[in-house]
Amino acid sequence: GIVSFIGRVPFGASALAELNEKQKAEGKRVTPKYEHRWELRPDHKDQAYYDAHPFKTFAKNEHLYGLYQAKEMIRYTGVAILVEGPTDVIKCFKHGVNNACSTMGTSISKTQALLLKRAGARKVILMDDGDKAGLASMERKAQELLANGLEVEVCPMPDGHDPDTYSEMFPMIESG
C-alpha cells in the first residue's frame with residue numbers, strides 16, 4: 001500500500017534563486033530545493049493539515065523509496081545502488097539503472113540495510129551528492145551496511161552534483 005507522498009520544488013537552480021530573491025524582498029519564506037531538509041517555521045505550518053494527515057506515523061527509516069520496483073534487478077544482479085533522494089531514483093530508472101533505491105535522506109537504518117538484504121543485495125553501491133555532506137553520509141551508510149553483512153562500494157559524484165543532475169550531462173541512448 002501507499003506509505004507516504006513526496007514532492008520536489010519544480011524549478012531549476014536559476015529559477016529557484018530568482019524566486020527566492022523575490023520572496024526575500026517581500027519578507028516571505030524562501031523555498032529550499034528539498035523541503036524536507038529544512039524545518040518549517042511555526043508561522044508557515046497549518047496545524048489542521050498535520051492533525052488530519054493520514055500518515056502521521058510515517059517513519060522514513062523503515063522504507064526505501066523505489067525498492068519495490070528495483071528488487072527484481074537487485075535479486076538478479078545481487079547489487080543495489082543506493083542514492084539519497086527519490087528524484088535520483090527516478091533519473092536512474094530513466095537511464096536504465098533499474099536496481100536503484102533511496103534512503104530518502106542522508107542516513108540509513110539497520111531496518112533499511114536488512115530490507116536490502118531481503119531484496120537479494122549482497123553488494124550496495126553508494127551514490128550520494130558530491131559535496132562534503134554527501135561524502136560524510138556515504139561513510140556513515142557504509143559503516144551500517146558493512147555491520148549488517150553487505151559489501152559496499154562508493155561512487156562519489158563530482159562536487160555540486162547528485163545522480164539526478166549528473167545524469168543530465170549525458171545524452172540518452174535511444175533503444176529500438
Side-chain angles (χ1 to χ4, degrees), residues 1-10 31-40 44-131 133-157 161-167:
I2 295 173
V3 295
S4 186
F5 296 96
I6 60 164
R8 184 170 181 184
V9 175
T31 304
K33 180 178 178 186
Y34 299 104
E35 187 73 62
H36 69 275
R37 291 188 180 172
W38 291 2
E39 181 63 30
L40 292 175
H44 292 329
K45 291 182 180 178
D46 180 3
Q47 191 59 45
Y49 169 81
Y50 289 103
D51 291 343
H53 198 281
F55 304 111
K56 288 181 228 177
T57 60
F58 173 68
K60 69 180 181 178
N61 66 345
E62 295 177 6
H63 305 278
L64 290 165
Y65 179 86
L67 182 62
Y68 179 81
Q69 291 79 6
K71 67 183 172 183
E72 183 177 338
M73 186 59 73
I74 292 171
R75 186 167 288 118
Y76 179 74
T77 63
V79 178
I81 296 177
L82 193 60
V83 296
E84 210 173 303
T87 306
D88 299 326
V89 173
I90 293 165
K91 281 293 177 71
C92 285
F93 271 74
K94 178 181 175 182
H95 288 273
V97 180
N98 298 327
N99 55 337
C101 56
S102 165
T103 55
M104 298 176 279
T106 59
S107 63
I108 189 168
S109 67
K110 180 177 182 171
T111 300
Q112 290 169 316
L114 295 175
L115 286 172
L116 289 167
K117 285 180 81 168
R118 192 176 319 149
R122 294 181 304 280
K123 179 194 303 184
V124 178
I125 299 172
L126 298 173
M127 291 177 58
D128 281 19
D129 295 3
D131 55 16
L135 294 173
S137 167
M138 286 189 285
E139 186 175 336
R140 289 188 309 273
K141 287 177 181 177
Q143 290 173 358
E144 184 66 39
L145 293 165
L146 289 167
N148 284 282
L150 289 156
E151 187 181 330
V152 177
E153 289 186 16
V154 175
C155 180
M157 296 285 101
H161 284 284
D162 57 24
D164 170 19
T165 60
Y166 193 63
S167 68

Mind checking the [atom1]-[atom2] spacing from [X] to [Y]? Nearest 0.5 Å is all I need.
{"X": "R140", "Y": "L135", "atom1": "CZ", "atom2": "CG", "value": "10.5 Å"}
{"X": "H63", "Y": "S109", "atom1": "NE2", "atom2": "OG", "value": "10.0 Å"}
{"X": "H95", "Y": "I90", "atom1": "NE2", "atom2": "CD1", "value": "12.0 Å"}
{"X": "R118", "Y": "T111", "atom1": "CZ", "atom2": "OG1", "value": "9.0 Å"}
{"X": "N99", "Y": "R75", "atom1": "CG", "atom2": "CZ", "value": "13.0 Å"}
{"X": "K141", "Y": "L150", "atom1": "NZ", "atom2": "CG", "value": "13.5 Å"}

Problem - Residue pair R122 / E151, side-chain heavy-atom distance below 4.5 Å - result: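 They are not in contact (no side-chain heavy atoms under 4.5 Å apart), so the answer is no.
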Practice task
Using a 4.5 Å cut-off on heavy atoms from C-beta on, say whether the side chain of T103 contacts that of L64.
Solution key: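 They are in side-chain contact.
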Testing the basics here: between [X] and [Y], what is the closest heavy-atom pair and its distance to 0.1 Å?
{"X": "G66", "Y": "V89", "result": "CA-CG1, 4.4 Å"}
{"X": "M127", "Y": "M157", "result": "CE-CE, 3.5 Å"}
{"X": "A80", "Y": "A121", "result": "CB-CB, 4.0 Å"}
{"X": "S102", "Y": "E84", "result": "OG-O, 2.9 Å"}

Practice task
Check for a donor-acceptor pair, side chain of K117 on one end and backbone N or O of N148 on the other, with a separation under 3.5 Å.
Solution key: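 Yes, because the side chain of K117 sits within donor-acceptor range (under 3.5 Å) of the backbone of N148.
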Exercise for the section: For E153 and V124, indicate whether the former's side chain and the latter's backbone hold a donor-acceptor pair under 3.5 Å. Expected result: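 No: the side chain of E153 does not pair with the backbone of V124.
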Practice task
Give me the one residue out of L116, V83, D88 that meets side chain to side chain contact (heavy atoms under 4.5 Å, CB included) with C101.
Solution key: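 Exactly one pass, corresponding to L116.
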Handout entry: Partner of S137 by side chain to side chain donor-acceptor pair (under 3.5 Å), out of D131, D128, D129
Key =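 With S137 as partner, side chain to side chain donor-acceptor pair (under 3.5 Å) holds for just one option, D128.
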